Amino acid sequence: MKKVLFSCLAVFALLLSGCIGSNQPVISSPETAQHTDAPVPVTTTAPASSTQAETTSAPTEQAPQAPAPAAVSLSREVQYRINLFLSNFSEQWFHEGWVWQSSQSRDDLGEFVSKDADPMELVSFAWLYAKINLGDYETVWQADAPYYGVSLDTINTVCKRFFDRSITQTDIVPIPFADGWYDYDYCLIDGMVCRPAADGESYNHMTVANEMYDLGDGTYGVYFHIYSISDMGRDDSIVLAGGIVQDKSVYYYTDADAAANSYFSYYRSGYAEVRPYTTVGGTESYQLICYVLY
């Protein structure tokens with residue numbers, strides 16, 4: 001009963017605060033507005049003289065309506081692909097951590113829209129993605145303090161791949177860091193995007209899509225749940241001691257599979273809009289258009 005009530009409240013909340021510019025699916029199909037191609041009858045007035053121009057009423061038409069979202073079958077392959085893609089965001093608390101830097105509220109996160117997002121939020125995602133998923137970073141020193149640096153080329157490649165956004169050096173804005181030996185949380189050192197060197201963080205969140213819709217314009221809307229995985233460092237571990245998922249079979253999980261796994265704990269829900277994307281290596285995936293958590 002609680003789960004049904006939660007689902008109803010979540011869908012209602014999302015419909016009130018969905019992604020900007022989205023054509024989100026609703027429970028019932030919208031009524032189709034009447035559309036006529038017949039022009040409005042023309043009214044003419046006989047000219048008073050041979051020089052008087054004939055006046056007419058211009059024909060009018062209703063604008064065509066956007067197609068209604070159509071449910072997509074989450075086959076095993078599609079489930080894996082969308083779960084894996086969205087887990088790249090949830091594993092690093094995407095958008096949440098960025099908002100928390102400027103606000104104490106963990107509830108009023110607002111919407112993330114790729115085309116309008118602060119470039120430094122994209123940089124933040126790309127930097128951590130490069131560190132924990134690509135291992136593409138190196139240690140550099142500034143004022144006797146160690147930093148981990150990721151090349152600007154790598155940052156730009158990751159941002160293009162996930163958001164279809166380009167990043168240049170002028171987009172990198174140093175962010176002060178008040179604690180410890182470090183002057184900055186983000187900064188440029190020798191042309192690399194750097195953050196204070198730190199390890200041991202846990203990245204044990206993953207996303208499971210539960211509904212997917214074709215929005216009719218080449219994009220898809222996805223409702224999802226985020227789960228926290230508690231199984232770390234055991235012989236049958238799903239994630240490593242450092243908190244990275246190593247058992248890739250969990251990306252095939254449906255929502256029912258995740259709910260039935262004792263190592264999985266529900267964290268929160270969300271909605272995303274994505275477009276299909278094929279990586280340089282030929283892998284079918286997606287790019288993020290917008291993202292909202294509730």
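The analysis underlying the following values was restricted to heavy atoms, covering all of them including side chains, and did not include hydrogens, waters or symmetry mates. Note that this is a predicted model, so its numbers are computed, not measured.
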- [ ] Go through Val123 and Ile167 one step at a time and tell me if the side-chain contact (heavy atoms from CB on, under 4.5 Å) criterion holds.
- [x] CA-CA 8 Å; Val123 170; Ile167 297 296; 3.9 Å; yes

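- For Trp141 against Thr139, the heavy-atom pair with the smallest separation is NE1-CG2, 4.1 Å.
- Side-chain polar atoms of Tyr223 and Asp255 form no donor-acceptor pair below 3.5 angstrom.
- In this model, a donor atom of one side chain and an acceptor atom of the other lie less than 3.5 Å apart for Thr154 and Ser151.
- Closest approach of Thr279 and Arg161 over heavy atoms only: CG2-NH2, 3.9 Å.
- Ring geometry, Phe85 versus Phe89: the interplanar angle exceeds 60°, so the pair is classed perpendicular (tilted spans 30 to 60°).
- Thr170 and Thr168 share a donor-acceptor pair across their side chains, judged by distance under 3.5 Å alone.
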Task: Verdict with reasoning, Met120 to Asp171, per side-chain contact (heavy atoms from CB on, under 4.5 Å) - done: CA-CA 7 Å; Met120 282 303 293; Asp171 293 317; 5.9 Å; no

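- No donor-acceptor pair closer than 3.5 Å links the side chain of Ser285 to the backbone N or O of Tyr277.
- Of all non-hydrogen atoms in Arg275 and Ile289, the two that sit nearest each other are NH2-CG1, 3.6 Å.
- Asn88 approaches Glu91 most closely through the heavy-atom pair O-CG, 3.7 Å.
- Between the side chains of Ser202 and Asn204, at least one donor N or O lies within less than 3.5 Å of an accepting N or O.
- Taking the six-membered ring for Trp and thresholds of 30 and 60 degrees, His205 and Tyr267 have ring planes inclined between 30 and 60 degrees apart.
- Taking the centre and axis of the six-membered ring of Tyr148, the NZ or CZ atom of Arg195 falls outside the cone set by 45° and 6.0 Å.
- With sequence neighbours left out, Ser166 forms a side-chain contact (heavy atoms from CB on, under 4.5 Å) with Asn156, Lys160.
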TODO: Decide yes or no on ring-ring contact (aromatic ring centres under 6.0 Å, His included) for Tyr253 and Tyr227, but give the supporting numbers first.
DONE: CA-CA 11 Å; Tyr253 271 20; Tyr227 287 89; 8.8 Å; no

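- A donor atom on one side chain and an acceptor atom on the other are not found under 3.5 Å apart for Tyr252 and Asp257.
- Looking at Leu288, Thr207, Leu293 one by one, the single match for side chain to side chain contact (heavy atoms under 4.5 Å, CB included) with Phe94 turns out to be Leu288.
- The shortest non-hydrogen separation linking Phe224 to Ala209 is CB-CA, 4.0 Å.
- For the side chain to side chain contact (heavy atoms under 4.5 Å, CB included) with Tyr286, the lone residue among Val274, Thr219, Leu84 that qualifies is Val274.
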- [ ] Evaluate side-chain contact (heavy atoms from CB on, under 4.5 Å) for Leu152 paired with Gln169, printing each intermediate quantity in order.
- [x] CA-CA 7 Å; Leu152 191 57; Gln169 185 165 322; 3.8 Å; yes

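- Judged purely by atom type and a 3.5 angstrom limit, Arg81 has no side-chain atom pairing as donor or acceptor with the backbone of Arg76.
- Asp231 contributes a side-chain N or O that, together with a main-chain N or O of Ile238, makes up a donor-acceptor pair within less than 3.5 Å.
- The backbone N or O of Asn83 lies less than 3.5 Å from a partner atom in the side chain of Ser87, making a donor-acceptor pair.
- Lys131 and Asp199 are joined by a salt bridge, as a carboxylate oxygen and a charged side-chain nitrogen come within less than 4.0 angstrom of each other.
- A donor-acceptor pair shorter than 3.5 Å can be found between the side chains of Glu273 and Tyr271.
- A cation-pi arrangement is absent between Arg268 and Tyr294 under the rule of less than 6.0 angstrom and at most 45 degrees off the ring axis.
- For the atom pair Ser228 OG and Phe264 CZ, the distance stands at 9.5 Å (nearest 0.5 Å).
- When all heavy atoms of Ala272 and Tyr291 are compared, the closest pair comes out as CB-CD1, 4.1 Å.
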